[in-house]
Structures are given as structure tokens and as C-alpha cells.
Amino acid sequence: MTQCVYFFGGGKADGNKDMKDVLGGKGAGLAEMTNAGLPVPPGFTISTAACNLFQQRGALTPEIEAESDRALARLESLMGKTLGAPANPLLVSVRSGAKFSMPGMMDTILNLGLNDASVLGLKSRTRNGRFAKDSYRRFIQMYGNVVLGIDKDAFEHELSAVKKRARAKADVDLGEAQLDEVILRFKAVVKKQTGGPFPQGPREQLRGARDAVFKSWMNPRAVTYRKLNDIPHDLGTAVNVQSMVFGNMGETSATGVGFTRNPSTGAKEFYGEFLQNAQGEDVVAGTRTPHPIADLAKVMPAAYKQLREITTRLERHYKDVQDFEFTIQDNKLYMLQTRNGKRTGLAAVHIAVDMVQEGILTPREALMKVEPQALDQLLHPIFDPSARAKAEVAAKGLPASPGAATGAVVFTADDAVAWTAKGKRVVLVRMETVPDDIHGMSVAQGILTATGGMTSHAAVVGRQMGKPSVVGCGSLQIDLKARRLHVGKSVLAEGDPISIDGATGDVILKELPTSPSEVLQVVAGKLKPQRSPLYQKFEKLLGWADEARRLGVRANADIPRDARIAFAFGARGIGLCRTEHMFFAEDRLRHVVAMILAAARGQRGLDLRSRLRARLQEAKGHQAAELRRELLKVEKEHGEAIAAYTGALKKLLPMQRADFAGLFREMRGTPVTIRTLDPPLHEFLPKREELMVEIATLKAKGASRNARTIAAREKLLRAVEELHEFNPMLGHRGCRLGITYPEITRMQARAIFEAALQVSKKGTPVKPEVMIPLVGHVEELRRQKRIVLEVAAEVLGKGGSGVEFTVGTMIEVPRGALTADEIAREADFFSFGTNDLTQMGFGLSRDDAGKFLGYYQEHGILDKDPFVSLDAGGVGQLVEIGVKKGRAAKPGLKIGVCGEHGGDPASIHFFHGAGLDYVSCSPYRVPIARLAAAQAQLEKPSGD
Ligand code: ADP
Ligand code: MG
Ligand code: MG
């Protein structure tokens, strides 16, 4: 039988830090600290495997029960006490702990083993009745809530009543007699709500608590948290049963939490909070305001010194910031938890680079310490400095998670979601947040709470989400019923503007303009790199990433401004320029529309004309005269359309040329992939219904007066109706356009090569890559390529004028991937268009999938949106086939990806493994891609 229960204590543990899968993070940490000889109260961990078994069967097996009993017996003999024994009770905590820490998701029960008899034993043993009774009332409260499912408020209500009668301000002001009354009232609550007495049997209590922890794994807030953080549901949680130490034994006892470095800013400072005469959750619950940890040096200097030594050692041992929990019982320090601390993106960058400089980490190790996605936070806006300087600060809270947030005040998580759905930016204002608020927190711009410290739920979760958060802002008064917020003399209603500065804790009662992040300002050339230590560390880290990674990183950019940002962020090349995006510009759209209106007849006319002209060259006499007559007829019938078509294209040519020249200049000789026209043409035209309404209105206003406009609109309407498609995404688009309207491809190719020539003549090297979209059959590519090569020869001349270019294709139609060998023979490069490849490979319409993809995710059919993170098992196979067949036909074929997936860390890992040469993503994701590519290589090295 495999071991399911792991003991720790007496200087030795069964487990260690590498057993998080089995023991959960907390259990692994307790084992590791025990083995390191640190003062950890002994106990045992019931494994995650037991949890999974419990989920399946609704109970544990007799074998595991027996194993658990043996561990308890061992603990009892080590401690020289028996669980809940009347004279000298062993008391334990029952703590959940999954592989990934889930703050506040599961509940811990303290002081288990107390009952009406053992509480008296505890009292006489410790000669401290107040302490014994306080522990018992806490136990009833926690057990009542977590195991028996009684609302916390029911207990709080009784506690407040007793406090009020005793004129006690805080819990600690209650004496033993009053606590006796609290206990009586609590037991009555249990009786009333469950119909039975509070369970007195210690073993029964232990079983109940353990099973409740297992059950809490599936509670809705835990499930939501896992979904938000991509944590699989089948990991399970472990249960830790640990002998109690007491921070509530009086003023020489305390409990606290801390970090070895500031998790918000990354500064190297000892950071945390503590409370004297308190237990467990008191520090984070926000019911009493904790003291900064530096004060501990004054009240308990020896314990403080030892805590610093231990935590410094732990940081070096784990090579990471430690987030720790401790309790001091009568001046003696105990470690209760240590784990790698969650931090903001900002802090992550500072800490990773600092730790390399301190010799704790190698650059490669440092790269693995930063979540690529977290870099996004460094690009978040900050308040406009001048507006910020002028703004009056109405209140100040704790700066829990940096960043600038501005938006409308909402008071509940549900409102935050509802308002956001209506397109409003909101700031969620709460007394304190609870795990049930997560959905609201994730959509809010920022989070503001009235109570709680730097380690409160709002602070921890805010930092993790990278949300600007200000917590413990004591001067706020929230009237939830009236939906009002009182700040000093001001009163804000729901929807009123508010701004919070998560870096300083300032609260401002108006909307403030925001400006780009510090990193962004450097990148945009508005701030000198020397003046931004943050930027310097950001660049240092990404420089290490560049040394480590094999995958190239390019950007998807259509205009020179985006290209410049992309280059500054480290993109070396453009992987996709969507030419059509420039067509929507106001000065161009009318030419595009003119081109579309004339395209069909114009192209037909051109084709007829050139065919007749060719025949005319060889014809003689009578036959030639006949052909001439036919030519005239074509001219008469199609002349106007030809002129409109070619005329519009001529207008567009210089505009496109200028765009491309700008891109070439910004990208400084790195490759620029330009895709020929891709979307269905009707996207450039007005909607049918809108035109019909417009025409009807014009007619109603005076048909004769508006005759000309009406005629023009009606012509447009006819074109719109002709272009209507039932399945536009599978219709007349991509290379199918360039094949039926070759003049468009010709114009675009001309614009590309003329721009290339122009820029290279000025001394900037250029590397244009012409990319044909939506190729499903090799013949499509062959024909488009022929046109491109013809134009290149015309523009560049036989020698190419020193411009090196390539012609390649997108692989985005499943048939294209399956016949990649044939296609590769015609292509200089491939670029996977994973958006369309997902759409067609999965048969999911990008424009309609929103209606059911959410359901699919909620109900566990898909764990991720395949348009965000590549469906490795399905669509990924098409990529692998494309790579394999393409390179088999053409060894060394250059292959990249230019879909949205190019900026998604999980997908980047996949592309790395599939042997792609580069990924291309939006400019702002370039840093994320650089880091993710490095991590992929470090995790799974592959040759280059
Ligand atoms: P969470 O995962 O929510 O942090 P924990 O299991 O860490 O829950 O418990 C919360 C707090 O309870 C701890 O920080 C500690 O203060 C207290 N606690 C847990 N176990 C013990 C124990 N054996 N003795 C004293 N305090 C404990
Ligand atoms: Mg907790
Ligand atoms: Mg904890």
C-alpha cells in the first residue's frame, strides 16, 4: 500500500520540499523546515491522494484511517499528551494545503481537542483560565463555521452582544467569566442551528475537521479560484494535523506573518505584521489592526532576532522570497509555514535581478522566477504626474498592490461585474474582501478596502492579479445598504468617480487621467533609461532571456508607430503586417470602396482586353479587324469600370508604399512580413440594413431633391447585396481575392518593392517577406507567387537592386497543413495563422463561439479558450504535421506563427517544442514572449 500519511517532528520528517504534489505546499514546507532543524510544532500530513480518494468515495478507506490513527498515536507519544484528554489535552490544528497555495480558499481549524472537560485541564495546566476559555470559544466558532456550516455572523452576533454588555472594545478585553458566557452562547447557537450539541469527542472532532477540509476542495470559491489561475481540479488538497502552539497566552505571546522582501515593490526589507496575545487568523482577518513587524524587535527582541535569522536562511535555502507564518508562545518562536511569496510583476523583476546581484541566483535561475504574464503589470498605466500632484488626497490606506486605478465606485463584486459588462470602468470598494468577491475583483480596475493589513485577502489577491489595491483605509465609512461611501466630509454614491494609487495608498475622489507606465515611457523615448532603475532591471532580465532562448520573437504591427514600440520592446522583425488595417483610414476608405465597386467588372474587362490584345499581335487582315472591333466593344462596355478599378488602385499605391517604407525604416533591416489582402471585401462597405434605412430616409425627405445621392447609395446597396456571403470566413477572402482580382496583389507587391527600394537606397537595409494568406492548395500559392515575382522583376530589375526578399505563405487552412510538403516546394517560409487554423481546425467560428465557449469552460468541457491558448492536442497536431511535412520537402524551411497565440506563454512552450523559428505577437506582449521563450528553452532545451 502506498503511504498516505507523513509524519514530521522530533527533528525529522517523512517528506521534504520536493513533495508538494503529495503533501501540498504547506505540508512540504513543514517537512522541509522540520528536517532543517527549525522549531516547528510536530504533526502529520494526510496526502492529496487521500483527498482524491475521498472525492470519489465520499470517505477514506479503513487502511488510511488506520494509518492516520497510527500517526496520531505517534504524535501523542512524542508530545506526551493525548488528544483532548481531560487532564492534559493534546490540541491540534487541522490545516488544508494544496500544491499551489490558494489564499483564503480553505479554512483552518485551531485548538481542536477542546471540550467541556479538556478546557478545564488546559486551564489548570497553564494556570490561565482566560487563555483556555478564549481558545475554546475560538474552536467552537471555527468548527461551527467550517465543519457544521453555521454562518460566521451567528457567532459574531453573540460575541458582540457580550462585548457590548462588558463594555469591551476588543476581544482581548474580555475576561474569563465573560468568555464563559460566550462559550455558552456559542454552544446554544450550535444546538439551535444543527439540532445537536457541540461535538465533544476529540476523535469525532478530528474526523469532522479532516473531512471538511477535503470537502472544501470542491466548494465554489475554491473552484472559481482554480479556474482563474489555471489550477487543475484533480490535484486535491492535503490535510495537516499539527500540535498547537499558542500566541494567545498573554503579552509574551504573539502571532504574525511576513515576507523576506517587500512583495509589492520588491525592495529588500523585512516586511510583515504581528499581534500580541492573538491566534491564527487574527492578523489577516482585519478585526484588529496589526503592528509592523519592526516593532517586534522592541517587545520580543530575542524572538525577533531568531525570526530574522531563520527567514534569511529560508530565503537562501529556497532561493526565493519567503512568505512565512509564525507564532511566539511565551517568548519562544515557532515556525508554522513558509512558502515562496506571491509578488507583483514589479516586485518579481526587482527581486529576480537583485538576487542575481546578491549571488543567490544565477541569471538562468532568475529567469524562472518571473511569471511571463506578470510583466504585463509593468506596462500598466500610472497617473498623469501633473494631475496627480495637484489632486487632493482624501484618504490614505496601505499600498498593497501598485498601479493607478480610476473608475466608478461599486460596492459589491456582483455590481462590479454588471457595471463592467456595460462598458464601465469600476473600482471595487469593500469593508474587506472575501474569497467570494473574486469575480468582482478580477474585473475591477482596482480594489479599495476599509479594513485589513498588507496581508489581508484584498492585498494578497490584488497583488497576485496585478490589480492596483489600497487596503485598510480606516477613514472610509461604507454604507452598503444605501450604496454610499463617506470619506471625511465627502459622500460618494455608487457610480461616482474615484482613483486609487496602489503604490502610495492614496485615495482621490475624482477621475484622474492616467499615463503609460515607466517602462512604457522609456520604450516610447519619453524617459531616459538611466533615470528608470525599473527599466534597467527589466532590460537586464530580458537580456538574459534573449541569451537563453532559441525562439525568435517578432511583433504583429501594421503601422510605423507600433513597429517602433515593438522594436524597442525587443521584437526583431515583424511577423505579420495586416495591410487591410491601413485601408480603414479615412482618406483611404473611399478609394477602397471605389475599387471594390469596380473590381468584378473592371477585372473582367482587363482580362478580356489583355487576351484580345495578345491575339491581335498574331492576327492578320480580316481576323485582326474583327479583334479590333471586339476590343472597342470591351472598351465601351468595361472601360469605365476598368478606369475606376485601376484608378482606385493607383490612388492606394502611394499610400501603401509610404506605410511599408515606414515599417522598413522602423525595423532596421530585420525581416518585415507583409500579408496581402485578407478579409472579405464587404467588411469595407456599409451594412445592408443601414444603407436601406438611409435610402428610405433620403426618399422620405424628397426623392427628387436627393436623386443623385439616392442613386449612388442604391448602387452601393447593390454591391453590398452582391458581395453578401453566407459564410464570409470561409468565403471570398484571403488569396482567393488576390487570385480573382490579381490587380490588387499586383498593386500591393508593387508598393512593397518600391518602398523597399526607396528605403534601401537611403542606406537602411530591408528584408521584405511577402506572405500569401489562406492557402489551402499549392496552386493558389503558385499563382500568387508568380504575380509577386513578376512585379519584383519590374520594380527591382533583374539584379534585384540589392533588395533581398522572400515569398511565403500562411498555413491556416487545415488542408494547407496536411499538404505542407507540396506547398513548401513553392514557399520560402511558413507562418502559422493559428487564429484561422483554430477556427477551421476546430470548426469554431471566431465570431460566434462566444455564445457557448463560456459554457464549455464553466462545465469543464474545455479548460481554456482555444483562441487564447493553443489547443495543443488537436490544432497543435496540424501545426506539427505542417512543420514535419514542410521541412521534409524543404529542409531548414523557416517557420513562424503569427496568430494571437504567439504571445501566450503556454502556446509559446508548444511552439518551442514543435521546432518553430519564431513567434510573433502584439507589441505589448513582446517582453512576455521573450521571457516565455527563454523559459521554454530552459525547461526543454532544443538545438538551434
Ligand atoms: P491559511 O492557509 O489560510 O494561511 P493556515 O493553515 O496557514 O491557513 O492557518 C492559518 C493560521 O493559523 C496560521 O498562520 C497560524 O497562525 C495558525 N495556526 C495554524 N496551525 C497552528 C498551530 N498548530 N499552532 C498555532 N497556530 C496555528
Ligand atoms: Mg488563512
Ligand atoms: Mg497560512
Side-chain angles (χ1 to χ4, degrees), residues 8-9 23-30 33-34 39-46 75 79 81 83 89-114 122 131 134-135 138-139 141-143 145-146 206 209-210 212-213 216-217 219 221-222 225 237-249 253-259 272-288 290 307 322-330 332-342 434-435 453 455-457 459-461:
F8 56 91
L23 304 177
K26 203 176 283 170
L30 290 169
M33 287 196 291
T34 303
V40 176
F44 55 89
T45 305
I46 307 172
L75 182 62
M79 302 301 292
K81 301 176 185 180
L83 183 69
L90 169 68
L91 303 182
V92 296
S93 64
V94 175
R95 320 170 63 185
S96 63
K99 177 175 181 183
F100 301 104
S101 74
M102 297 167 57
M105 286 292 121
M106 310 265 188
D107 293 297
T108 291
I109 293 170
L110 303 179
N111 313 327
L112 187 139
L114 282 177
L122 185 65
F131 152 73
D134 182 53
S135 301
R138 287 171 185 270
F139 175 51
Q141 194 169 355
M142 283 183 268
Y143 195 94
N145 174 247
V146 178
L206 183 56
R210 178 197 68 196
V213 171
S216 74
W217 176 253
N219 79 26
R221 55 185 202 189
Y225 183 88
T237 178
V239 176
N240 300 288
V241 177
Q242 187 176 26
S243 50
M244 284 298 300
V245 288
F246 299 97
N248 58 334
M249 262 194 184
S253 299
T255 185
V257 299
F259 287 84
E273 293 164 330
F274 77 103
L275 273 175
Q276 274 162 283
N277 199 10
Q279 219 181 18
E281 300 286 277
D282 293 356
V283 176
V284 292
T287 43
R288 275 165 70 188
L307 182 66
Q322 293 303 294
D323 164 356
F324 54 86
E325 300 178 1
F326 65 93
T327 284
I328 299 167
Q329 175 176 326
D330 206 8
K332 185 167 168 12
L333 174 70
Y334 293 93
M335 297 304 295
L336 289 172
Q337 190 170 337
T338 194
R339 61 184 166 200
N340 295 344
K342 292 197 193 317
V434 293
T455 44
S456 63
H457 180 264
V460 171
V461 176

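What you see is a predicted model; the values in this text were computed from it and never measured. Start at 1 and go down the list; that is how both ligands and their atoms are numbered. Heavy-atom basis, side chains included; hydrogens, waters and symmetry copies ignored.
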- Query: If every non-hydrogen atom of Ala238 is compared with every non-hydrogen atom of Gly24, which pair is closest and at what distance?
  - Reply: CB-N, 4.1 Å
- Message: Can you name the atoms of ligand 1, numbered from 1 with element, that are less than 4.0 Å from a heavy atom of Thr255?
- Response: 16 (O)
- Do side-chain atoms of Thr237 reach the backbone of Gly97 as a donor and acceptor pair under 3.5 angstrom? yes
- Gln279 near ligand 1, heavy-atom distance under 4.0 Å? no
- In terms of atom number and element, which parts of ligand 1 are under 4.0 angstrom from non-hydrogen atoms of Lys26? 1 (P), 2 (O), 5 (P), 6 (O), 7 (O), 8 (O)
- Item | Gly43 near ligand 1 by a heavy-atom separation under 4.0 Å | no
- Task: Please report the shortest heavy-atom distance between Met142 and Ile109, naming the atom on each side.
- Result: SD-CA, 4.1 Å
- If we only count N/O pairs under 3.5 Å, is Arg339 in contact with ligand 1? no
- Query: Backbone or side chain, does any N or O of Val245 fall under 3.5 Å from an N or O of ligand 1?
  - Reply: yes
- Among Thr327, Asn277, Asn248, the one residue meeting side chain to side chain donor-acceptor pair (under 3.5 Å) with Thr255: Thr327
- Counting heavy atoms only, name the option from Gly280, Gly24, Gly29, Gly247 that's nearest to atom 16 (O) of ligand 1. Gly280
- Note on the structure: Closest non-hydrogen atoms of Leu110 and Ser93, given as atom of the first, atom of the second and distance, are CD2-CB, 3.6 Å
- Task: Identify which one of Leu112, Leu83, Leu114 satisfies the side-chain contact (heavy atoms from CB on, under 4.5 Å) criterion when paired with Leu91.
- Result: Leu114
- Query: Is Gln337 close enough that one of its N/O/S atoms sits under 2.8 Å from the Mg ion (ligand 3)?
  - Reply: yes
- Heavy-atom distance to atom 19 (C) of ligand 1: which of Val239, Leu336, Leu110, Val257 wins? Leu110
- Message: Quick check: Ser96 and ligand 1, any N/O pair under 3.5 Å apart?
- Response: no
- Message: For the backbone of Pro41 and the side chain of Gln242, can you confirm whether one donor and one acceptor N or O come within less than 3.5 Å of each other?
- Response: yes
- Query: Taking non-hydrogen atoms only, is Met244 closer than 4.0 angstrom to ligand 1 via side chain, backbone, both or neither?
  - Reply: both
- Message: Distance alone, cut at 3.5 Å: any donor-acceptor contact between the side chains of Gln279 and Asp134?
- Response: no
- Task: Quick one: look at Glu325 and ligand 1, take heavy-atom pairs under 4.0 Å, and tell me if it's side chain, backbone, both or neither.
- Result: side chain
